[in-house]
Amino acid sequence: MAKTYVIDTNVLIQAPNALLCFEENQLVLPLVVLEELDGLKKAEGERGYNARQVIRTLEDLRRKGDLIAGVPLPNGGTLRVETNCVHEPLPESLPDDKSDNRILKVCRHLASVHPILVTKDLVLRLKAQLLDIEAQDFSTEQVNAGEQQYLGRIECFVPEKDFEKFTTEGVPTDLLYQCDEMGEAHPVSLVQNEFVLLKADASLRKPHLGRVWGDRVIPLEYAKETPYGVKPRNAGQYFMQEALMKPAAEAPLVIVKGQAGTAKTFYALAVGLEKLLNHPSEEYRRILICRPNAQFDSDIGFLPGDEQEKISPLMRPIMDNLEQLLDEDEDSRYDDELELESRLMEIFDRNLIQMEALNFIRGRSLEKIYLIIDEAQNMTPNQAKGIITRAGKGTKIILLGDPNQIDKPFLDERTNGLSYASEKMKGSPLCCQVAMLPTECERSPLALEAIRRL
């Protein structure tokens, strides 16, 4: 039996294609949602773009029929705009002039068909429950909860005789196994490009590090490299280095998830500088760095200066990492800050590194670019898809972030673009990814202690 869904504005702003995701069910769009879309259509950045995209979709549907009576949707089901319900009573504590409460009026008006309110707003879902209205989050773009998300790495055992052959021959994946709490051996399910920490099953020898390719686990190709003088300090960094060092033709997408201090941004910059400065093979033309919260909306849009001056405060963490890379001597690094700043500016003056607001990536075709998206957990799934599809010939895209540190409203560890891209690209031969472990924090003893305790 077809269900009736009432759609909130925030669902459409995060996922402009949401109207096509409800199969053969009936969708109701309260009139107040159209008013909110109209108010957002001129907004800067992602919100304005998505509002305009939804409005164009509604215009296409309007041309095919009467939106008040209901219009068939391309993938089944119908959509109609509800204009009534103005006089539907609500408790006195819920004033009529609030948009959320007008949506609740529509839901109460449709009580006979048991509507389901779909909204990203947790408070609105709570109010709906108080009024005995069923409410749900928009789940189409949700992925598994944190502990069940793909890590890009796994620990396995292998028979001793095969362990000895690993460095020269690799090992077949069907020989790998894990042990449960009772010591019982179980086969493992591996996917393409998954990293493996391989242990011998009859000794305590140092584990091997490898990567799944085809039906074998093969040794890491770049384990002995030291990009821009940086040497891996733990298994996660060896895996991360392997993913970043691989040419764009082999691994055009790299996804690294991990807590603060695991050197995600630091390592991504080190490999980029290695490719451009230490071994300039013309693999990439430049490094391009973006952060999702570098928006030209009202929060920073009125700051003085050009684009670079506006986004520079948001890019300060990038500059901090560059300073560490340009001068490895921790004791004397800041003895002559003018000289350090001069070396830093030289890189930008030579156009080797550019920093841009994420908004300006849309519509571009990026060729031979080493593209770093920092704090990617603050992207929506739609933004992540838009970024990845910008990759032209020879471009490598690196998504970095911590799904547990999300600053953007209506996103969480299951709906952010970083986790979404990670789950959807799992097993792709064109994507390498790894989740850094909390124990692989290298920032300072205090940072490691804070991760453990807080």
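The figures that follow rest on heavy atoms only: side chains count, while hydrogens, waters and symmetry mates do not. Count residues from 1 along the sequence. Keep in mind it's a predicted model, so treat the numbers as computed, not measured.
- The CG atom of Leu40 sits 12.5 Å away from atom CD of Glu46, with the distance rounded to the nearest 0.5 Å.
- Contact of the Leu220 side chain with the Phe239 side chain is registered, since non-hydrogen atoms from C-beta on lie closer than 4.5 Å.
- With values rounded to the nearest 0.5 angstrom, Leu322 atom CG is found 6.0 Å from Leu273 atom CG.
- We find that Asp137 and Lys120 are joined by a salt bridge, their nearest charged nitrogen and carboxylate oxygen being less than 4.0 Å apart.
- Screening residues 195-204 for salt bridge (Lys or Arg N to Asp or Glu O under 4.0 Å), with sequence neighbours left out, gives Glu155-Lys199.
- With hydrogens and angles ignored, the 3.5 Å screen pairs no side-chain donor or acceptor of Arg153 with any backbone N or O of Leu197.
- Remark: the backbone N or O of Ile116 is not paired with any side-chain donor or acceptor of Gln136 at under 3.5 angstrom.
- No more than 12 heavy-atom neighbours from other residues, nucleotides or ligands sit within 6.0 angstrom of CD on Glu24.
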Criterion side-chain contact (heavy atoms from CB on, under 4.5 Å) on Leu244 and Tyr370, from CA distance to verdict: CA-CA 10 Å; Leu244 294 169; Tyr370 187 84; 3.8 Å; yes
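- Note on Lys396 versus Glu283: no salt bridge recorded, every NZ/NE/NH1/NH2 to OD/OE distance being 4.0 Å or above.
- Atoms NZ and CD, on Lys231 and Gln241 in that order, are 8.5 Å from each other to the nearest 0.5 Å.
- The 12-atom threshold is exceeded at CG of Asn351, counting heavy atoms of other residues, nucleotides or ligands nearer than 6.0 Å.
- Side-chain N or O atoms of Asn378 include none that pairs as donor or acceptor with a backbone N or O of Pro292 at under 3.5 Å.
- Glu221 contributes no side-chain N or O that, together with a main-chain N or O of Glu242, makes up a donor-acceptor pair within less than 3.5 Å.
- The backbone N or O of Tyr228 lies less than 3.5 Å from a partner atom in the side chain of Glu274, making a donor-acceptor pair.
- Within 6.0 Å of CG in Leu126 there are more than 12 heavy atoms belonging to other residues, nucleotides or ligands.
- For the atom pair CD1 of Ile398 and CG of Leu253, the computed distance is 9.0 Å after rounding to the nearest 0.5 Å.
- Looking at Val217 and Thr173, their side chains come closer than 4.5 Å, going by heavy atoms from C-beta outward.
- A distance-only check finds no donor-acceptor pair linking the side chain of Asn50 to the backbone of Pro16 [under 3.5 Å].
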Step-by-step side-chain contact (heavy atoms from CB on, under 4.5 Å) determination, Leu418 to Ile373: CA-CA 10 Å; Leu418 179 67; Ile373 308 296; over 6 Å; no
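- When all heavy atoms are compared, the tightest approach of Gly427 to Gln192 is O-CB, 3.3 Å.
- Counting all heavy atoms, side chain and backbone alike, Thr119 lies closest to Val11 at CA-CG2, 3.8 Å.
- Note that CG of Leu399 is 11.0 Å distant from OG of Ser419, once rounded to the nearest 0.5 Å.
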Worked check of side-chain contact (heavy atoms from CB on, under 4.5 Å) between Asn382 and Asn17: CA-CA 9 Å; Asn382 192 53; Asn17 64 336; 5.5 Å; no
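- For the pair Glu169 and Arg216, the minimum side-chain heavy-atom distance is below 4.5 Å.
- Judged by distance alone, with hydrogens and angles left aside, the side-chain atoms of Arg52 form a donor-acceptor pair with the main-chain N or O of Lys41 at under 3.5 Å.
- Side-chain atoms of Glu141 and Thr415, non-hydrogen and from C-beta on, never get closer than 4.5 Å to each other.
- Residues Tyr150 and Val191 meet the side-chain proximity criterion, which asks for heavy atoms closer than 4.5 Å.
- Side-chain contact annotation: Glu36 with Ser99, donor-acceptor N/O pair under 3.5 Å present.
- A salt bridge does not link Glu282 to Lys368: none of the charged nitrogens lies less than 4.0 Å from a carboxylate oxygen.
- Looking only at atom types and distance, the side chain of Glu413 has no donor-acceptor partner in the side chain of Asn416 under 3.5 Å away.
- Of the possible donor and acceptor atoms, one in the side chain of Thr380 sits under 3.5 Å from a partner among the backbone N and O of Gln383.
- Contact between Pro227 and Tyr267 at its shortest, heavy atoms only, is CG-CE2, 3.9 Å.
- Rounding to the nearest 0.5 Å places CZ of Phe138 at 11.0 Å from OH of Tyr5.
- Closest non-hydrogen pair, Gly392 versus Glu367, comes out as CA-CG, 4.2 Å.
- Residue Gly258 comes nearest to Asp402 through the heavy atom pair O-CB, 3.2 Å, listed as atom of the first residue, atom of the second, then distance.
- In this structure the side chain of Leu325 reaches within 4.5 angstrom of the side chain of Phe266, judged on heavy atoms.
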Test side-chain contact (heavy atoms from CB on, under 4.5 Å) applied to Met436 and Met240, step by step: CA-CA 8 Å; Met436 304 296 291; Met240 179 165 50; 4.0 Å; yes
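- Side-chain atoms of Asn193 come within 3.5 Å of backbone N or O of Pro429 as a donor-acceptor pair.
- Here the side chains of Leu366 and Ile397 are not in contact, with every heavy-atom distance at 4.5 Å or above.
- Using a cutoff of 4.0 Å between basic side-chain nitrogens and carboxylate oxygens, Arg211 and Glu250 are not scored as salt-bridged.
- At a threshold of 4.5 Å between non-hydrogen side-chain atoms, the residues Met319 and Phe348 count as touching.
- At distances below 3.5 Å, not a single donor-acceptor pair connects side-chain atoms of Glu440 with backbone N or O atoms of Asn234.
- Nearest approach of Pro159 to Leu175, heavy atoms of both residues: CD-O, 3.7 Å.
- Thr265 and Asn321 share no side-chain donor-acceptor pair at under 3.5 Å.
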